[in-house]
Amino acid sequence: MTRRGLLFILSSPSGAGKSTISRMLLEKEADLSFSISATTRPPRPGEVEGREYHFMDREAFAAMVERGEMLEHAEVFGNRYGTPRAPVEAAISAGRDVIFDVDWQGAQQIANSPLREAVVSVFILPPSIAALEARLRTRAQDSDAVIAARMARSRDEISHWDAYDYVLINENVDQCAAEVAAILTAERRRRARRPALSGFVRSLNEEFEERQK
Ligand code: GDP
Ligand code: ADP
């Protein structure tokens, strides 16, 4: 019996490090894939269509929502973001875990969906607001006005921290990524998520019986 995959949600205020940490996790973890969101925001330098996001216009986005093809969707920083449903369902039925970089609205919708049993959510806090702003500036991909808007919204994002299963502070990125990996490992080991274990324990019992003969 194939294990059903986990829906592993990472949220944080913009610039706290969730994209960096999810990239680090994806490099190391087998059986983990990234949920590529759809967005109406324009690509940043270095972003590739179909890798970070599916970039689309508002009409194409609205059509996907209309057809029920989004698992969740929300408006963030004046752009629409959404999670295409089909790749997620295919991955988790095949026993692959899926990592989501979504905001608190997306996390809430996924946690209230029929897939809720398989959801694990992690919120990443910055060590300080000054550090958050410095990270947005060193990323050097947004204008001053966009950075100011992201900073203004980060307070609202942070206010939802207590709806998550786990909360981490990203002071040192290697340590924080190791903690996220530890959470993933522990959640994969939950007995309730391991239907194949009863077969394994049966085989151990058969081994006991063999030895008694
Ligand atoms: P970032 O904050 O630097 O990662 O900038 P982005 O423009 O890539 O993302 C802006 C916000 O939208 C972040 O909080 C993301 O987590 C969130 N986001 C990205 N994809 C989705 C999605 O599919 N659904 C929802 N609800 N939020 C998303
Ligand atoms: P998010 O996806 O949450 O918006 P990013 O992963 O893009 O954030 O990180 C924002 C910037 O901060 C990037 O330039 C990244 O390299 C840097 N960064 C991430 N974690 C740390 C950390 N612990 N210390 C210093 N810089 C960091």
Side-chain angles (χ1 to χ4, degrees), residues 7-27 34-56 60-61 64-65 69-88 98-113 119 121-143 145-161 163-164 168-180:
L7 287 80
F8 198 67
I9 299 177
L10 281 187
S11 300
S12 79
S14 187
K18 66 194 165 314
S19 312
T20 307
I21 288 166
S22 64
R23 263 196 307 274
M24 291 166 79
L25 209 60
L26 285 158
E27 272 168 25
F34 180 65
S35 166
I36 303 165
S37 294
T39 182
T40 62
R41 112 158 140 62
R44 292 189 186 128
E47 285 183 334
V48 174
E49 161 57 33
R51 190 178 67 189
E52 285 82 7
Y53 283 103
H54 297 292
F55 298 98
M56 57 183 69
F61 192 102
M64 281 187 76
V65 172
E69 290 170 9
M70 296 292 194
L71 178 59
E72 60 76 33
H73 58 93
E75 180 106 11
V76 186
F77 309 126
N79 292 301
R80 299 190 79 180
Y81 292 82
T83 302
R85 181 192 300 279
V88 174
V98 181
I99 189 162
F100 298 80
D101 174 340
V102 296
D103 81 327
W104 69 270
Q105 305 171 83
Q108 203 172 71
Q109 291 171 53
I110 298 170
N112 289 324
S113 78
V119 171
S121 62
V122 179
F123 195 85
I124 298 175
L125 288 167
S128 68
I129 301 308
L132 184 66
E133 182 163 12
R135 286 178 195 177
L136 282 175
R137 293 199 182 280
T138 48
R139 189 167 70 185
Q141 285 180 335
D142 298 306
S143 65
V146 169
I147 289 177
R150 285 171 180 268
M151 287 301 293
R153 193 180 175 275
S154 67
R155 186 169 195 165
D156 180 43
E157 185 74 27
I158 289 174
S159 74
H160 296 281
W161 70 280
Y164 288 74
L168 307 179
I169 301 171
N170 178 17
E171 175 98 60
N172 173 291
V173 73
D174 291 321
Q175 154 122 28
C176 191
E179 289 179 11
V180 174

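Both counts, for ligands and for their atoms, begin at 1 and track the order of listing. We number each residue from 1, following the sequence as shown.
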[X] side chain vs [Y] backbone, donor-acceptor pair below 3.5 Å:
{"X": "Ser121", "Y": "Ile9", "value": "no"}
{"X": "Arg85", "Y": "Met70", "value": "yes"}
{"X": "Gln109", "Y": "Leu71", "value": "no"}

What atoms of ligand 1 come closer than 4.0 angstrom to any heavy atom of [X]?
{"X": "Val102", "value": "16 (O), 18 (N), 21 (C), 22 (C), 23 (O), 24 (N), 25 (C), 27 (N), 28 (C)"}
{"X": "Phe77", "value": "10 (C)"}
{"X": "Arg139", "value": "3 (O)"}
{"X": "Ala74", "value": "26 (N)"}
{"X": "Gly106", "value": "26 (N)"}
{"X": "Thr83", "value": "23 (O)"}
{"X": "Arg41", "value": "6 (P), 7 (O), 8 (O)"}

Query raised in the report: Gly82: heavy atom below 4.0 Å from ligand 1, yes or no?
Result: yes

Under 4.0 Å from a heavy atom of [X]: give me the atoms of ligand 2 that qualify, with their elements.
{"X": "Ser19", "answer": "1 (P), 2 (O), 6 (O)"}
{"X": "Glu171", "answer": "22 (C), 23 (N), 24 (N)"}
{"X": "Ser12", "answer": "3 (O)"}

Report task. Walk me through it: do Met24 and Val173 pass the test side chain to side chain contact (heavy atoms under 4.5 Å, CB included)? Result -> CA-CA 10 Å; Met24 291 166 79; Val173 73; 4.1 Å; yes

Ligand 1-proximal atoms of [X], by part, heavy-atom distance under 4.0 Å:
{"X": "Arg80", "result": "neither"}
{"X": "Glu52", "result": "neither"}
{"X": "Arg150", "result": "side chain"}
{"X": "Asp101", "result": "both"}
{"X": "Glu72", "result": "side chain"}

Look at [atom] and say which protein heavy atom is nearest, naming residue and atom and giving the distance to 0.1 Å.
{"atom": "atom 11 (C) of ligand 1", "result": "Val76 CG1, 3.7 Å"}
{"atom": "atom 4 (O) of ligand 2", "result": "Gly15 N, 2.7 Å"}
{"atom": "atom 2 (O) of ligand 1", "result": "Ser14 OG, 2.8 Å"}
{"atom": "atom 23 (O) of ligand 1", "result": "Ser37 OG, 2.6 Å"}
{"atom": "atom 20 (N) of ligand 2", "result": "Asn170 ND2, 3.0 Å"}
{"atom": "atom 27 (N) of ligand 1", "result": "Asp103 N, 3.2 Å"}
{"atom": "atom 7 (O) of ligand 2", "result": "Arg139 NH1, 2.9 Å"}
{"atom": "atom 8 (O) of ligand 2", "result": "Gly17 N, 3.2 Å"}
{"atom": "atom 4 (O) of ligand 1", "result": "Lys18 NZ, 3.8 Å"}
{"atom": "atom 5 (P) of ligand 2", "result": "Thr20 OG1, 3.5 Å"}
{"atom": "atom 8 (O) of ligand 1", "result": "Tyr53 OH, 2.5 Å"}

Query raised in the report: Are the charged groups of Glu47 and Arg51 less than 4.0 angstrom apart, N to O?
Result: no

Requested in this report: Could you say whether the N/O atoms of Arg135 and ligand 2 ever approach to under 3.5 Å?
Outcome: yes

Report task. Decide whether an N or O pair under 3.5 Å exists between Ile21 and ligand 2. Result -> no

Query - Min N/O separation Arg44 to ligand 1 under 3.5 Å - result: yes

Query raised in the report: Hey, is ligand 1 close enough to Gly15 that some N/O pair sits below 3.5 Å?
Result: no

**Report entry** Sub-4.0 Å heavy-atom contact, Pro13 with ligand 2
**Finding:** yes

Report task. Answer with yes or no whether Arg23 contacts ligand 2, where contact means a heavy atom under 4.0 Å from a ligand atom. Result -> no

With side chains defined as the heavy atoms from C-beta onward, is the minimum distance between [X] and [Y] less than 4.5 Å?
{"X": "Pro87", "Y": "Ile36", "value": "no"}
{"X": "Phe34", "Y": "Glu52", "value": "no"}
{"X": "Val65", "Y": "Arg80", "value": "yes"}

Donor-acceptor contacts, no H, no angles, side chain residues 14-21, under 3.5 Å, sequence neighbours left out:
from  : atom 1 : to     : atom 2 : distance (Å)
Ser14 : OG     : Arg150 : NH1    : 2.6
Lys18 : NZ     : Ser12  : OG     : 3.3
Ser19 : OG     : Asp101 : OD2    : 3.4

**Report entry** Among His73, Arg41, Gln105, the one residue meeting side-chain contact (heavy atoms from CB on, under 4.5 Å) with Tyr81
**Finding:** Arg41

Query raised in the report: Of all heavy-atom pairs between Leu136 and Ile147, which one has the smallest distance, and what is that distance?
Result: O-CD1, 3.8 Å

Query raised in the report: What are the two closest non-hydrogen atoms of Pro43 and Phe55, and how far apart are they?
Result: CA-CE2, 3.5 Å

Report task. Could you walk me through whether Arg135 and Asn170 pass side chain to side chain contact (heavy atoms under 4.5 Å, CB included), step by step? Result -> CA-CA 11 Å; Arg135 286 178 195 177; Asn170 178 17; 3.4 Å; yes

Query raised in the report: Do Arg153 and Val76 pass the side chain to side chain contact (heavy atoms under 4.5 Å, CB included) test, and can you show the C-alpha distance, the side-chain angles, and the key distance before you say yes or no?
Result: CA-CA 9 Å; Arg153 193 180 175 275; Val76 186; 3.6 Å; yes

Query raised in the report: Atom CG in Leu7, atom OG in Ser35: separation rounded to 0.5 Å?
Result: 8.5 Å

Query - Approximate separation, where rounding is to 0.5 Å, of Glu171 CD and Leu125 CG - result: 12.0 Å

Report summary line: Exactly one candidate in Trp161, Tyr164, Trp104 meets side-chain hydrogen bond (donor to acceptor under 3.5 Å, both in side chains) with Ser11; the answer is Tyr164

Requested in this report: May I ask you to check whether over 12 heavy atoms, not counting those of Leu26, lie within 6.0 Å of atom CG?
Outcome: yes

Query raised in the report: Is the count of non-hydrogen atoms from other residues, nucleotides or ligands lying under 6.0 Å from Glu75 atom CD greater than 12?
Result: yes

